[in-house]
Protein chains: 2
Amino acid sequence: MSTEKLASKIRKDQIVEAALHILGDKRVKKIKITEIASYLGLAPSALYRHFKNKDAILTAILEHIREKMYKNVERVRAKKDNAIDRLQELLTLHENLICQHQGIPRIVFSDELWGQEKIKRQRMYLIVRGYLLELEAIIREGQMKNEINPDLNPEAVARMFFGIVQPAALLWHMSEGTFDVNGHFTAAWPLFQSVLQVEGRCEL
Amino acid sequence: MSTEKLASKIRKDQIVEAALHILGDKRVKKIKITEIASYLGLAPSALYRHFKNKDAILTAILEHIREKMYKNVERVRAKKDNAIDRLQELLTLHENLICQHQGIPRIVFSDELWGQEKIKRQRMYLIVRGYLLELEAIIREGQMKNEINPDLNPEAVARMFFGIVQPAALLWHMSEGTFDVNGHFTAAWPLFQSVLQVEGRCEL
DNA sequence: AATCCATGTGAATTTAAATTCACATTAAGG
DNA sequence: CCTTAATGTGAATTTAAATTCACATGGATT
């Protein structure tokens, strides 16, 4: 893997990006080799120069997604140092992931990709769990600095955050991009924030 | 439709139930006619006596799901008269839907079924939206009776509730039934409930 | 009893898609 | 320049699954 030529690596990335782009297109369809190829102006058979088979492409997509999600966490950590701000920022990034950039959430939150092999489902599970752990870490830090109510169960809070994002992805996708993701986040955020509040604050 | 024989209706239901049962089985795979048939001890071709094609079966599954979900709402309304109790009860029913009864949430929350035709996705969207409206109605009633903070946006609250259920379904499914749905609901409920609280109550 | 119809079957057939293969083309390095 | 390896192509081939079809069978109706 590390020994492969740069050009090859680029082509592989192009293929993954193309696949992601197609998946992100509102009207669904499960992804077809033919589509990816024609999107890149290639013959279907060309893709087999770069990937053993379709499955390998799907696996690469998963890896790509994992990177994107973790990159978002890092970015947010770098940009804000308050836990609540970090979470809010993360919500914004998710909005992009859902609406703009290729239908990543569609993939994370759907069977489509990992339908066949148990292995891919497991991998996806690890990604999601890993992501939840990242959220938890942010929350715990916030609790230590008393930005977030320390009595709360961080795991539950992380999943509640996740529970803001996932339905948005579903509804956006089902609605063919009609659903107002931003509106949803805007309405959900204060509710979520009210959960985080440290006890004392509610007297004000 | 209303003129069809009873026996036929039964067979149709059996087919739908069988399909649902298979879908609910942990290891996924997109549903195959062959599987449904062999589950019922029939030849694949037999199914075509009852449904025009696979698509018709999928559509019937959607309708079946819709009924189940709405029935749950009715049941909850009948059993409890306090909004908060109703929601809590609904969570329990969702737990069943996820863990026991055939993988309904898998279907609702996944692309699998409506991959192809835009029509099925639209139908699913209507089901989900309708369900959210039911939740909203429960919440509004609770607000009128001051069981739930009337300042809250009922739409947002409904979606937050939904956001407890959906991730559970995803994680349960991804984890091959390992994920502790009950634990998740138990941890999430108090957080959710704290959102619902009427302002005054937090001073206690 | 004769007929009809709903339901079933197993053996094709169709279809859509992935995959393979024999053959270009091009660029890089000796 | 010649060789080689990487990348591409179009035309098969394979594969998995849905779907059709000609032919039972059994129970209800006349």
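Numbers restart at 1 for each chain; the letters A, B, ... are given by sequence-line order, proteins then strands.
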Rounded to the nearest angstrom, tell me the gap between atom [atom1] in [X] and atom [atom2] in [N].
X        : N       : atom1 : atom2 : value
Ile33(B) : dT9(C)  : CD1   : C1'   : 16 Å
Leu40(A) : dT9(D)  : CG    : C1'   : 15 Å
Leu47(A) : dG10(D) : CG    : C1'   : 14 Å
Lys12(B) : dT7(C)  : NZ    : C1'   : 14 Å
Lys32(A) : dA16(C) : NZ    : C1'   : 8 Å
Phe51(B) : dT20(D) : CZ    : C1'   : 18 Å
Tyr48(B) : dT19(D) : OH    : C1'   : 5 Å
Asn53(B) : dT19(D) : CG    : P     : 5 Å

Can you tell me if the side-chain N/O atoms of [X] get under 4.0 Å from OP1 or OP2 in [N]?
X        : N       : answer
His50(A) : dG8(D)  : yes
Arg11(A) : dG8(D)  : yes
Ser45(A) : dT19(C) : no

Can you tell which of dT19(D), dG8(C), dA18(C) lies closest to the side chain of Pro44(B)?
-> dT19(D)
The nucleotide from dG10(D), dA22(C), dT19(C) with an atom nearest the side chain of Arg49(A) is dA22(C)
Given the side-chain rings of Tyr131(B) and His94(B), with only the six-membered ring counted for Trp, is the space between their centroids under 6.0 Å?
-> yes
Is there a donor-acceptor pair closer than 3.5 Å between any side-chain N or O of Glu147(B) and the backbone N or O of Ala83(B)?
-> yes
Residue pair Lys54(A)/Leu42(B) against DNA chain C: nearer the 5' end by closest nucleotide is Leu42(B)
Check: Ile57(B) and Ile33(B) side chains under 4.5 Å, non-hydrogen atoms = yes
Apply salt bridge (Lys or Arg N to Asp or Glu O under 4.0 Å) to the pair Glu63(B) and Arg66(B), showing each step before the final yes or no.
-> CA-CA 5 Å; Glu63(B) 179 54 23; Arg66(B) 202 190 57 71; 2.9 Å; yes
Ion pair Glu141(B)/Arg77(B), N-O distance below 4.0 Å | yes
